[in-house]
Amino acid sequence: MGGGSHWMEVSEVHTNLGEAFGFVCWMWIFYRARNDLPVVLGWRHPWEHAEDPWAGVEPKDDELEDIEGLRAEWDSFQVKAENPEEDDDDDDDDDDEEDDDDDEE
């Protein structure tokens, strides 16, 4: 019935790949723990975000070409986006009404 214990033999390549992927897995766990461990342990709430690493970086508007034109385009887009009643697909509704009239005849 039994044959004693026999360990599965694995090639050296597979052993090294297993150790490499295990190392990468543990590095990922430590990386995520660095960011999320206080939340997991209950030291802070998830919606209380950690410090922003980009807080010290300020964009330099002088280096951008045509910054005023870009700002004007963004402002006009924002005005259009804030008013959803004024959309451009009114002619689609007219097409639907014409199709309904054709079906009734």
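- Considering every non-hydrogen atom in both A33 and P38, the closest pair reads O-CD, 4.3 Å.
- In the hydrophobic cluster analysis, where Ile, Leu, Val, Met, Phe, Trp and Tyr join through side-chain heavy atoms closer than 4.5 angstrom, F23 is grouped together with F30.
- The shortest side-chain heavy-atom distance between V39 and H45 does not fall under the 4.5 Å cut-off.
- Applying the side chain to side chain donor-acceptor pair (under 3.5 Å) definition to pairs two or more places apart or across chains, those involving residues 15-32 are R32-D36.
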